[in-house]
2 protein chains.
Amino acid sequence: MEYEQLKLDNQLCFRLYTAARLTMGAYHPYLDPLGITYPQYLVLLVLWEQDKQPVNDIAHKLFLETNTVTPLIQRMEKAGLVKRTKGKEDTRQRIVSLTKKGIEMREQAKHIPECLSADIIKNEGSVEEISQMIPTLDKLIAGLKQQLNNKQINN
Amino acid sequence: MEYEQLKLDNQLCFRLYTAARLTMGAYHPYLDPLGITYPQYLVLLVLWEQDKQPVNDIAHKLFLETNTVTPLIQRMEKAGLVKRTKGKEDTRQRIVSLTKKGIEMREQAKHIPECLSADIIKNEGSVEEISQMIPTLDKLIAGLKQQLNNKQINN
DNA sequence: TACTTTTGCATCGTGAACGATATAAATAAG
DNA sequence: CTTATTTATATCGTTCACGATGCAAAAGTA
């Protein structure tokens, strides 16, 4: 039993990793028609809540690094969903704003969350049980983020 | 309130996606010294439980596609952790087996799960609360996998 | 004011993920 | 026993994700 803990069955992270990938996969039928990927959808969610944000703010809200978000947004710009302008007070900043196409996509995306809930109900039963994970996941995320920040200070 | 559901705060998948990424990040301090990545660690977990498996079995256990696992294992082979031999009954199969180095790494990796638990306790408090998510995640994963299989039949 | 440090973003390289496609071997069908 | 289909793996192209590095603007310091 010396290696008991090294069993796949006992690993939480493996489940998070798998659940995240498969859930992202479940978005495919709804995002493909819009021509966007799941991370791009997340960027749109952020901008639909508040337009005209610098790259850094978007990255921060998504817990991503700017070197992930920058090319992501460049692809979205090429697709005509957003445009980037230089910041006025701080010229280092690149303010990302929605184009007409990006704004209009909100209407087309409106029903995606309920579609996904429906898909989950269809196969797994209760959304309630799954929703109960949310506060725990939030605590986990907050703690891991904390840990990451601590490490960056020590370097 | 028409777009209420499109808020990031209301999205389960976003949390899974974030929690998975950050948890994988928490493995870095333990995997970097071994020179492996998290997905490579998962492949090793599978092989430590049972050596000499075809690519397909490994992919299936990790809920991954073979076109993800093949290059992953090729990199591990280049790193001297595994070797690949042709299957004897079925020559299409590539049997993946651990090298001496791959076997020995188990000993070095033995304490990683408890280290990670300790890290989580340090910052988030209870591992119990987090462990309670496991059956729900398993149900979610099983349901999503089911949905994916259904779709493949319809094509 | 001149110099140093920090900050915001971009670029590069590597390793996943995965859809699409290819190829050869195994299996099924005729 | 051919021919058709399925299966196991591999290759290719695109998009993430992120560490490392670069660079210019802003902020802090002497």
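Everything numeric here is computed off the predicted structure, so don't read it as measured data. Here is how names work: the chains are called A, B, and so on, in the same order as the sequence lines, proteins then strands, and each is numbered from 1.
- The side chain of A/Gln93 lies closest to C/dG8, out of C/dA16, D/dA17, C/dG8.
- Nearest to the side chain of A/Val55, among C/dC9, D/dA10, C/dA16, sits C/dC9.
- Each of A/Thr68 and A/Glu89 has a nearest nucleotide on DNA chain D; the 5'-most of these lies closest to A/Thr68.
- Taking atom CD on B/Gln40 and atom C1' on C/dG15, their separation rounds to 8 Å, with Å as the unit.
- Of the candidates C/dA25, D/dC16, C/dA10, C/dA10 carries the atom nearest the A/Arg84 side chain, counting heavy atoms from C-beta on.
- Rounded to whole Å, atom C1' of C/dA17 lies 15 Å from atom CD of B/Gln74.
- Between A/Tyr38 and A/Tyr27, the ring planes lie tilted relative to each other; the angle falls in the 30° to 60° range.
- For the side-chain contact (heavy atoms from CB on, under 4.5 Å) criterion with B/Gln40, the lone passing option out of B/Leu42, B/Val43, B/Ile36 is B/Ile36.
- Between A/Asn67 and A/His28, the one whose closest nucleotide on DNA chain C sits nearer the 5' end is A/Asn67.
- Across the protein-nucleic acid pair, B/Glu77 atom CD and D/dT9 atom P stand 14 Å apart, rounded to whole Å.
- Contact check, B/Tyr17 against D/dA17: a side-chain N or O comes under 4.0 Å of OP1 or OP2.
- Atom-to-atom, CG of A/Leu72 to C1' of C/dT11 comes out at 16 Å; the value is rounded to the nearest Å.
- Ion pairing between A/Glu104 and A/Lys101 fails under the 4.0 Å rule for side-chain N and carboxylate O.
- Taking every side-chain heavy atom of B/Thr70 into account, D/dT9 is the closest of D/dC16, C/dC18, D/dT9.
- Considering only the side chain of B/Pro39, C/dA16 comes nearest among D/dA10, C/dA16, D/dC18.
- Between the side chains of B/Gln146 and A/Asn123, no donor-acceptor pair is found at a separation under 3.5 Å.
- One interatomic measurement links the two molecules: CZ of B/Arg75 to C1' of C/dA17, which rounds to 10 Å at whole-angstrom precision.
- Distance from the side chain of B/Asn56 is smallest for D/dA8 among the nucleotides C/dA17, D/dA26, D/dA8.
- Rounded to a whole Å, the CZ atom of B/Arg21 is 10 Å from the C1' atom of D/dC18.
- The distance between atom CZ of B/Arg94 and atom C1' of C/dA24, rounded to the nearest whole Å, is 12 Å.
- Counting atom types as modelled, B/Arg92 pairs no side-chain N or O with a base atom of D/dT9 as donor and acceptor under 3.5 Å.
- Spacing between atom CD1 of B/Ile95 and atom P of D/dA8 amounts to 11 Å, rounded to whole angstrom units.
- Each of B/Arg15, B/Glu129, B/Gln132 was scored for a side chain to side chain donor-acceptor pair (under 3.5 Å) with A/Thr136, with one residue passing: B/Glu129.
- Across all strands, B/Thr91 comes closer than 4.0 Å only to sugar-phosphate atoms, never to a base (heavy-atom distances).
- Among the protein residues, A/Thr66 comes within range of the nucleic acid bases, having at least one heavy atom under 4.0 Å from a base atom.
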